[in-house]
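Basis for what follows: all heavy atoms, side chains included, without hydrogens, waters or symmetry-related copies. Naming: A, B, ... by sequence-line order, numbering from 1 per chain. Small disclaimer: the values here were computed from a predicted structure and weren't measured.
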There are 2 protein chains.
Amino acid sequence: MDTKKTPDHTALTPAQMAEQTGVSIETLRYYEREGLLQPVERATNGHRRYSSADKHWVEILRCLRDTGMSIEALRTYCQLGEQGVHTQPERLALLEEHKRLVLDEIETKKQAIERIDHKIQYYTEQISMAGATAKATQPIKGAPHER
Amino acid sequence: MDTKKTPDHTALTPAQMAEQTGVSIETLRYYEREGLLQPVERATNGHRRYSSADKHWVEILRCLRDTGMSIEALRTYCQLGEQGVHTQPERLALLEEHKRLVLDEIETKKQAIERIDHKIQYYTEQISMAGATAKATQPIKGAPHER
DNA sequence: GTAATACCTGAAGCGCACTCCAGGTCAAGC
DNA sequence: GCTTGACCTGGAGTGCGCTTCAGGTATTAC
């Protein structure tokens, strides 16, 4: 019986929502326009009132966006969600695919870190040597890729 | 004495360079325009000839770009390199800063993975349950954030 | 000589994910 | 009654990192 008119005391104003999720008011509206958020509740004056479910969902959106999922893919995911439980396998597949992508990215970055570390070490050596023997700083045998 | 006119048999054509570095011909030119690559050698017909040093450098550029360093930051880094060894400390600082950023990103992604795994697990359970007891699939107590 | 291929240049265009703007409404405070 | 502030709308603008285009040149293959 309290399905429709409860004023929902926990609802958030756009400003509060933005602050608590780290997603700007404009971006929240943008997400709604793009179908990443189904139409948000309104107060009598037409202002949006975000529910805690909205907040939770936006946090998930952020998590997926932060890991590079496109707006397009997120829209697909949302639409599947709206179509009911029978789309769960598809949603699962989508998430698993995304997870794989993210794991790959992590791997790429780790390898990059190694490479960067190499250069860091090279510079560190060079600099400490330059400090010690102000002269005679031949780049030693085959200085790797200067720059 | 062989400082200038050696035809350099190991030099790469744009097409070869693109294939071997995974960076397109257009992007290579773009990088050069943007000062990420100092002007590349030319054959007598005006075509670019990339040295193995160029190749090495482009691989580093890729590594840094892949980990999110901006074109702007890369330009700075290159310019420092052109200014001589006395900029090594600055370059070192730049790399260390970037490394920190990349480590942070990895951390963010790992956390995201955990969250994604949660949802994957949730869907997996839901789906297997739906398969087993085609009926009576109440979402159990407090189904977390459907969608 | 002709055509195909590989490259050149400067400049315009594109896709993505926002972000900003102009002009308007509503409620509260003075 | 008037101002202020938070929010609304549709639509235009922005920044980044390429990518494409139009028009041209040099070498090789026939």
*Using distance alone, with no hydrogens and no angle criterion, decide if B/H98 and B/T67 have a side-chain donor and acceptor under 3.5 Å apart.*
yes
Does a side-chain N or O of [X] approach OP1 or OP2 of [N] to a distance below 4.0 Å, or not?
X     : N      : answer
B/S24 : D/dT19 : yes
A/Y31 : C/dA17 : no
A/R42 : D/dT9  : yes
A/T27 : C/dT19 : yes
A/T44 : C/dC26 : no
B/R65 : D/dC18 : yes

Nearest to the side chain of [X], which nucleotide is it out of [options]?
X     : options                : answer
B/Y30 : D/dG17, C/dT19, D/dT27 : D/dG17
B/H47 : D/dC18, C/dC8, D/dT9   : C/dC8
A/I71 : C/dC8, D/dC18, C/dA17  : C/dA17
B/R33 : C/dA11, D/dG17, D/dA26 : C/dA11
B/S70 : D/dA26, D/dG17, C/dC8  : D/dG17
B/I25 : C/dC7, D/dC18, D/dC8   : C/dC7
B/R48 : D/dC18, C/dC8, D/dA6   : C/dC8
A/N45 : D/dT20, C/dA27, D/dA6  : C/dA27

*For A/E19, does the CD atom sit with more than 12 other heavy atoms under 6.0 Å from it, leaving out its own atoms?*
no
Just the rounded figure in Å: distance from [atom2] of [N] to [atom1] of [X].
X     : N      : atom1 : atom2 : result
B/E41 : C/dC8  : CD    : P     : 13 Å
A/L28 : D/dC7  : CG    : C1'   : 13 Å
A/R29 : C/dT19 : CZ    : C1'   : 11 Å
B/E34 : D/dG17 : CD    : P     : 9 Å
B/E32 : D/dG17 : CD    : C1'   : 17 Å
A/E26 : D/dC8  : CD    : P     : 10 Å
A/L74 : C/dC18 : CG    : P     : 10 Å
A/E19 : D/dA6  : CD    : P     : 13 Å

*Is a salt bridge present between B/E97 and B/R100, judged by a nitrogen-to-oxygen distance below 4.0 Å?*
yes
*Basic-acidic side-chain contact under 4.0 Å: A/E34, A/R75*: yes
*Stepwise side chain to side chain contact (heavy atoms under 4.5 Å, CB included) test for A/L12 and A/R49*: CA-CA 5 Å; A/L12 299 172; A/R49 284 298 114 94; over 6 Å; no
*Examine A/Y30 and A/L61 and state if one hydrophobic cluster contains both, with Ile, Leu, Val, Met, Phe, Trp and Tyr joined whenever side-chain heavy atoms are less than 4.5 Å apart.*
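Yes: a chain of side-chain contacts under 4.5 Å links A/Y30 to A/L61.
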*What does B/R49 touch in the nucleic acid at a heavy-atom separation under 4.0 angstrom: a base, only the sugar-phosphate, or nothing?*
nothing
